[in-house]
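Values below: all heavy atoms of this structure, side chains included; hydrogens, waters and symmetry mates excluded. Each chain gets a letter, A, B and so on, in the order its sequence line appears, and its residues count up from 1.
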Protein chains: 2
Amino acid sequence: MKKTAKIPYAAIERLALYSRPLKVLLKTGVTVVSSEKLAEYCGVNPAQVRKDLAYFGEFGVRGVGYDVNDLLREIQSILATDREWTLCIIGVGNLGHAIVENDNFREMGYRFVAAFDKDQEKISKRLPCGLLIESVERLRDVVRLRNIQIGVITTPPDEAQRVTDLLVDAGIKGILNFSPTQVKAPKSCVVENVDFAVRFEHLAYHLSKVPLK
Amino acid sequence: MKKTAKIPYAAIERLALYSRPLKVLLKTGVTVVSSEKLAEYCGVNPAQVRKDLAYFGEFGVRGVGYDVNDLLREIQSILATDREWTLCIIGVGNLGHAIVENDNFREMGYRFVAAFDKDQEKISKRLPCGLLIESVERLRDVVRLRNIQIGVITTPPDEAQRVTDLLVDAGIKGILNFSPTQVKAPKSCVVENVDFAVRFEHLAYHLSKVPLK
DNA sequence: CCTACCATGTGCAAAATTTCACAATATTTT
DNA sequence: AAAATATTGTGAAATTTTGCACATGGTAGG
Ligand SMILES: NC(=O)c1ccc[n+]([C@@H]2O[C@H](COP(=O)([O-])OP(=O)(O)OC[C@H]3O[C@@H](n4cnc5c(N)ncnc54)[C@H](O)[C@@H]3O)[C@@H](O)[C@H]2O)c1
Ligand SMILES: NC(=O)c1ccc[n+]([C@@H]2O[C@H](COP(=O)([O-])OP(=O)(O)OC[C@H]3O[C@@H](n4cnc5c(N)ncnc54)[C@H](O)[C@@H]3O)[C@@H](O)[C@H]2O)c1
């Protein structure tokens with residue numbers, strides 16, 4: 001594999017996808033898996049699986065397949081989920097609550113160490129996970145003090161850019177924005193806009209092409 | 001534009017993206033927008049905007065741009081969000097709760113008319129939006145009775161395929177699966193797997209490539 | 001009515017991504 | 001130990017998607 005081949009954006013996302021069945025196989029006691037099986041579990045082409053993995057190294061054994069445990073560790077190392085990340089959430093509404101309380105994220109190494117809101121009713125309340133909701137006015141200080149790397153935005157869309165600017169100003173390195181607007185930040189801060197309502201719209205589009213009987 | 005050009009999957013998702021700033025412009029009283037502006041708001045190339053729209057028709061006026069109101073309606077018509085869809089949710093945990101309670105979805109035409117869980121503690125409780133949580137055992141009957149078209153899965157991943165099979169059996173036409181596993185269904189049922197934890201992993205990957213100071 | 005101007009719609013080239021097909025290599029069978 | 005079988009890694013082909021560049025058609029001002 002050419003050393004500096006450009007890695008498709010989609011390949012990274014598929015890597016994450018591959019890790020899901022690997023975890024299940026590991027628990028089930030299966031030790032080896034082929035690109036064909038893995039592809040089947042994830043609904044992709046086997047050559048795609050092999051090529052995606054080949055961007056990062058040679059993890060398989062010809063004629064045999066991939067060692068489940070090894071491959072999972074390799075993928076986690078590539079995706080940097082083998083380490084701890086410190087995060088904060090801004091906007092503790094229904095979605096923010098769901099994300100912060102999700103055990104899965106903790107297991108993946110995402111540790112929420114702060115939660116901010118601007119609603120006086122919510123500030124100073126404690127979440128089930130133990131996290132205290134703080135005023136968004138404290139954001140800058142708290143981000144610096146607790147060395148927070150990633151900010152997750154779950155405010156309404158009209159507040160999202162303002163919150164982004166606050167986060168950037170506080171020196172945050174990455175942002176996940178769940179509000180349905182594209183926020184912008186300087187190159188020093190990596191932004192991922194996650195508008196998952198588009199998936200509803202995508203489904204509706206497909207259903208509208210299909211006779212609904 | 002060639003009549004039967006194959007429409008890229010990504011084009012559909014971008015259409016949804018374009019609708020977000022259009023709604024804001026409409027509210028702000030702006031009546032006309034150029035592909036350049038729209039592209040800027042959405043972080044894409046202006047030619048891309050024009051080409052995406054051209055798959056479906058000629059919505060603009062040369063030398064002028066697009067009428068905000070008209071374009072929004074066209075997009076909503078294409079994405080079939082100009083009509084009502086009836087949905088149910090399976091798994092009323094934190095995420096399921098957030099989705100059902102989200103006003104935005106209702107405004108987009110997604111009407112949740114049933115919520116199912118298997119937890120006896122939750123069954124028969126009423127959600128803030130007024131929806132009653134019902135036993136998943138009633139799924140088949142309720143789906144048919146209330147003419148439900150789309151099922152949204154927010155159960156843990158190890159239950160997702162079972163729930164999918166139930167939904168398919170009940171005759172559902174589309175499924176949105178939010179659990180981190182790829183569920184499979186016959187071609188008669190359109191499935192959209194929405195594993196948004198991959199976006200966390202994607203961000204972590206990028207941050208690990210960047211010096212974190 | 002003519003001219004200057006502007007932004008769309010689109011043919012075509014470029015780039016990116018996916019898939020094929022097979023050489024390479026490990027294991028199992030005879 | 002040779003043959004048969006299995007499955008990876010990858011160059012090259014096929015396909016898909018994006019972006020350029022400009023003709024086209026509409027507006028506005030004189
Ligand atoms: N709920 C969902 O299923 C869902 C799905 C996709 C996207 N979203 C988006 O996620 C965002 C949150 O959704 P939700 O359902 O949790 O809404 P919500 O109204 O329940 O929560 C929003 C929270 O943000 C807080 N907030 C507002 N402005 C703030 C600011 N400047 N600083 C700090 N906190 C602020 C509010 O006080 C509130 O607690 C919205 O943009 C929504 O469109 C939600
Ligand atoms: N919370 C998040 O931010 C988040 C993000 C991404 C993905 N997810 C995924 O979404 C799913 C739900 O997440 P959550 O945080 O809401 O979890 P949760 O534990 O709060 O909720 C799960 C709910 O599903 C119900 N359930 C379990 N099996 C069922 C069955 N067979 N039929 C009907 N109901 C059943 C449970 O009783 C519970 O109420 C999980 O798969 C999770 O991985 C969650």
K.L.:
Please state how far atom OH in A:Y66 lies from atom C1' in C:dA26, giving the value in whole angstrom units.
P.N.:
14 Å
K.L.:
In this structure, how many angstroms lie between the P atom of D:dT17 and the CD atom of B:E13, rounded?
P.N.:
12 Å
K.L.:
Would the distance check show the side chain of B:R14 and the main-chain N or O of B:D52 forming a donor-acceptor pair, the cut-off being under 3.5 Å?
P.N.:
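No, B:R14 side chain to B:D52 backbone: no donor-acceptor pair under 3.5 Å.
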K.L.:
Closer than 4.0 angstrom, basic N to acidic O: yes or no for A:E13 and B:R199?
P.N.:
yes
K.L.:
Round to the nearest Å and state the distance from B:E58 atom CD to C:dT10 atom C1'.
P.N.:
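Going from B:E58 (CD) to C:dT10 (C1'), I get 10 Å.
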K.L.:
Could you tell me how far apart A:D67 (CG) and D:dT8 (P) are, to the nearest whole angstrom?
P.N.:
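Taking atom P of D:dT8 as the reference, CG of A:D67 is at 13 Å.
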K.L.:
Can you give me the closest heavy-atom contact between B:L79 and A:A204, atom names plus distance?
P.N.:
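That would be O-CB, 3.4 Å.
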K.L.:
Calculate the interatomic distance between B:N45 atom CG and C:dT8 atom C1'; express it in whole Å.
P.N.:
14 Å
K.L.:
Measure from the side-chain heavy atoms of B:V64 and tell me the nearest of D:dT18, D:dT27, C:dT18.
P.N.:
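The closest nucleotide is D:dT27.
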K.L.:
Calculate the interatomic distance between B:I12 atom CD1 and D:dT17 atom C1'; express it in whole Å.
P.N.:
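Answer to the nearest Å: 14 Å.
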K.L.:
Tell me: CG of A:L38 to C1' of D:dT8, nearest whole Å?
P.N.:
13 Å
K.L.:
Looking at the side chain of A:R50, which of C:dG9, C:dC22, D:dC20 is the nearest nucleotide?
P.N.:
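Ranking C:dG9, C:dC22, D:dC20 by closest atom to the A:R50 side chain puts C:dC22 first.
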K.L.:
Given D:dT15, is OP1 or OP2 found less than 4.0 Å from the side-chain N or O atoms of B:K6?
P.N.:
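Indeed not, no polar side-chain atom of B:K6 lies that close.
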K.L.:
Could you state the atom-to-atom distance from CD of A:Q48 to P of D:dT7 in whole Å?
P.N.:
20 Å
K.L.:
Is there a donor on the side chain of A:K51 or the base of D:dG9 sitting less than 3.5 Å from an acceptor on the other?
P.N.:
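In this structure, the two groups form no donor-acceptor pair.
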K.L.:
Taking only the side-chain heavy atoms of A:S35 (C-beta and beyond), determine which of C:dT19, C:dT8, D:dT8 contains the nearest atom.
P.N.:
D:dT8
K.L.:
Return yes if some donor-acceptor pair links the side-chain N/O of A:Y110 with the main-chain N/O of B:E201 below 3.5 Å, else return no.
P.N.:
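Yes, the answer is positive, given that a donor and an acceptor are paired below the 3.5 Å cut-off.
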K.L.:
Under the 3.5 Å rule, do the base of C:dG9 and the side chain of B:R62 count as making a donor-acceptor pair?
P.N.:
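Answer no: no donor N or O sits under 3.5 Å from an acceptor.
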K.L.:
Which nucleotide sits closest to the side chain of B:P8: D:dT8, D:dT17, D:dG9?
P.N.:
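Looking only at heavy atoms from C-beta outward on B:P8, the closest nucleotide is D:dT17.
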K.L.:
Got a donor-acceptor contact below 3.5 angstrom from the B:N193 side chain to the B:Q182 backbone?
P.N.:
no
K.L.:
Would you mind telling me which residue lines up with the more 5' stretch of DNA chain C, B:V33 or A:V44, judged by nearest nucleotide?
P.N.:
B:V33
